[in-house]
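Source: prediction; values computed, not measured. The first residue of the sequence shown is numbered 1, and numbering continues consecutively from there.
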Amino acid sequence: MKKRQPIRNTWEFLSKNSPRLGKTSIVALLLCQMFPNGNTGILNAATFSPKAANYAYFQQNSIITGVVKDEAGNVLQGVTVAVKNQSKIATTTDANGRFVLEVPSNATLKISLMGFQTVELPVEANQKDISITLKEDLEGIDEVVVVGFGTQKKESNVGSQATIKREELKVPVANLSTAIAGRLAGVVATQRSGGPGSDGANLFVRGVATFASSPQSPLLIVDGVPDRDINNIDPEDVESFTILKDATATAVYGTRGANGVIIINTRKGKAGKPTISAELQNGFTGFTYLPKFIDGPTFMELFNEGLTMRGKQAFYTPERIEKHRTGEDPDLYPNVNWYDALFKDYANSNRANLNITGGADIAQYYLSLGYYRETGQFKTDEFNLIIQN
């Protein structure tokens with residue numbers, strides 16, 4: 001009869017007799033042997049075959065090799081080759097444009113490089129070597145970006161900057177500074193109050209670079225005018241939103257740009273027939289997380305337990321605890337969840353915008369009317385005043 005080995009001994013057996021198998025392969029093989037049909041079991045070391053182990057492991061994962069070139073046939077170095085929706089399974093091409101990647105079955109490769117269009121390529125069964133051709137992304141190269149002294153092509157820009165689209169700013173918040181929180185790399189937004197009119201966020205670009213006696217927030221420029229408040233700007237009126245981060249991008253502003261620069265250009269009128277556009281948004285806000293509290297009777301019981309464990313007498317009598325639990329007299333023996341009593345689960349917000357643009361070659365106009373209303377999560381009574389004459 002063949003002797004069946006415990007898992008501990010099997011691991012040592014696999015490590016010594018199969019040096020080419022990595023830890024991942026050994027673990028996969030152990031799991032397959034332990035649960036062949038959904039039942040637990042142990043591995044029979046006498047029937048183990050390294051060749052069979054390799055086959056059992058690699059029949060689900062396959063090794064893909066390939067080369068990445070441009071349209072002229074030149075190999076591309078530093079191209080990112082990753083499995084779609086699995087960022088941890090990725091590699092880059094070497095100096096010869098080649099790559100090697102272990103991928104699961106039915107995977108889709110995502111090949112990307114700055115200045116080239118991203119390609120998604122499904123991996124077919126039994127496919128081992130592939131050749132990929134990337135096309136140049138002419139639209140991205142010709143794109144115009146906002147810089148400290150005007151605009152320039154994206155391909156000639158060397159400064160570190162980030163932009164955000166107008167559509168991404170349309171969130172159910174009252175202030176523009178709160179809307180960009182978590183949407184741009186290197187930008188930290190801290191909201192210190194939620195009171196009406198005081199719920200704007202403090203913005204910091206790559207931390208604080210000045211002493212406390214100097215302004216520590218980034219320089220805000222709206223339509224070329226510095227130090228303007230951006231909280232009351234309607235997101236629908238924003239044409240471009242750019243943040244300049246490093247010294248090469250903010251050098252034109254000198255020390256004023258030590259903490260970064262935020263440049264906002266609002267929409268302008270365009271020559272042509274009047275164009276009217278209207279937009280209505282409705283959103284809901286709620287608490288991110290609320291602690292779960294115990295009720296009054298449970299607190300009393302735990303308080304008594306803490307006292308008795310220290311050799312003291314219980315403070316609350318069982319009769320009083322029961323009166324709080326039954327609620328027979330809510331005035332003398334209350335049991336109130338104050339979060340439920342004071343707050344609503346959700347609050348709604350409404351935003352409306354109406355703008356008109358048009359003009360001739362010599363003069364253009366842009367008119368905008370915005371409205372924003374937000375209800376808080378405090379429960380309030382509705383009072384209706386009726387006046388009769």
Side-chain angles (χ1 to χ4, degrees), residues 11 14-33 48-143 145 153-165 168 182-186 245-246 248:
W11 175 271
L14 293 175
S15 302
K16 294 179 181 179
N17 294 276
S18 304
R20 293 185 179 181
L21 274 178
K23 291 184 179 180
T24 306
S25 305
I26 296 177
V27 171
L29 178 63
L30 288 176
L31 292 177
C32 292
Q33 293 287 347
F48 170 74
S49 170
K51 183 176 181 181
N54 276 312
Y55 176 76
Y57 174 71
F58 288 110
Q59 65 179 353
Q60 294 184 355
N61 288 8
S62 58
I63 303 296
I64 299 296
T65 62
V67 61
V68 182
K69 302 179 180 179
D70 60 10
E71 293 179 294
N74 302 318
V75 296
L76 297 176
Q77 181 182 3
V79 180
T80 300
V81 182
V83 176
K84 186 178 180 180
N85 300 327
Q86 298 186 37
S87 58
K88 294 184 178 180
I89 307 178
T91 185
T92 56
T93 58
D94 57 15
N96 298 321
R98 300 198 62 84
F99 67 91
V100 179
L101 185 65
E102 182 179 349
V103 299
S105 58
N106 301 323
T108 299
L109 295 181
K110 187 176 182 180
I111 302 94
S112 60
L113 180 65
M114 183 178 295
F116 291 85
Q117 298 179 4
T118 301
V119 175
E120 294 185 1
L121 182 65
V123 178
E124 300 178 357
N126 301 325
Q127 190 175 13
K128 300 298 181 182
D129 191 77
I130 57 178
S131 179
I132 304 168
T133 302
L134 296 183
K135 298 181 180 179
E136 291 188 10
D137 187 5
L138 300 179
E139 294 182 0
I141 295 177
D142 293 336
E143 183 180 350
V145 295
K153 286 188 177 182
K154 191 173 183 179
E155 64 175 347
S156 59
N157 179 41
V158 296
S160 177
Q161 64 181 49
T163 59
I164 187 171
K165 297 180 180 179
E168 300 178 16
R183 298 179 181 273
L184 293 170
K245 302 178 183 179
D246 64 353
T248 58

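- I130 is listed as a side-chain neighbour of F99, based on a closest heavy-atom distance under 4.5 Å.
- Counting only heavy atoms from C-beta outward, the side chains of V119 and L134 approach each other to under 4.5 Å.
- Annotation: the span from I111 atom CD1 to T80 atom OG1 amounts to 10.5 Å, rounded to 0.5 Å.
- Proximity of L101 to L109: side-chain heavy atoms (C-beta onward) are separated by under 4.5 Å at one or more points.
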Handout entry: Stepwise side-chain contact (heavy atoms from CB on, under 4.5 Å) test for I89 and E102
Key = CA-CA 8 Å; I89 307 178; E102 182 179 349; over 6 Å; no
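- Pairing each heavy atom of A107 with each of V83, the nearest pair is CB-CG1, 4.0 Å.
- Between L76 and F116, some side-chain heavy-atom pair lies under the 4.5 Å cut-off.
- Here the shortest heavy-atom pairing between T93 and G78 reads OG1-N, 3.0 Å.
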Let me check something: any side-chain donor-acceptor pairs from residues 66-73 under 3.5 Å, sequence neighbours excluded? List them with distances.
{"residue": "D70", "atom": "OD1", "partner": "A72", "partner atom": "N", "Å": "3.2"}
{"residue": "D70", "atom": "OD1", "partner": "G73", "partner atom": "N", "Å": "3.0"}
{"residue": "D70", "atom": "OD1", "partner": "N74", "partner atom": "N", "Å": "2.7"}

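- Atom CG in N85 sits 8.0 Å away from atom NZ in K110 (nearest 0.5 Å).
- Without hydrogens or angle criteria, T92 side chain to V79 main chain gives no donor-acceptor distance under 3.5 Å.
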Handout entry: I63 vs V100, side-chain contact (heavy atoms from CB on, under 4.5 Å): CA-CA, chis, key distance, verdict
Key = CA-CA 7 Å; I63 303 296; V100 179; 3.8 Å; yes
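- To the nearest 0.5 Å, atoms NZ (K128) and OG1 (T65) are separated by 9.0 Å.
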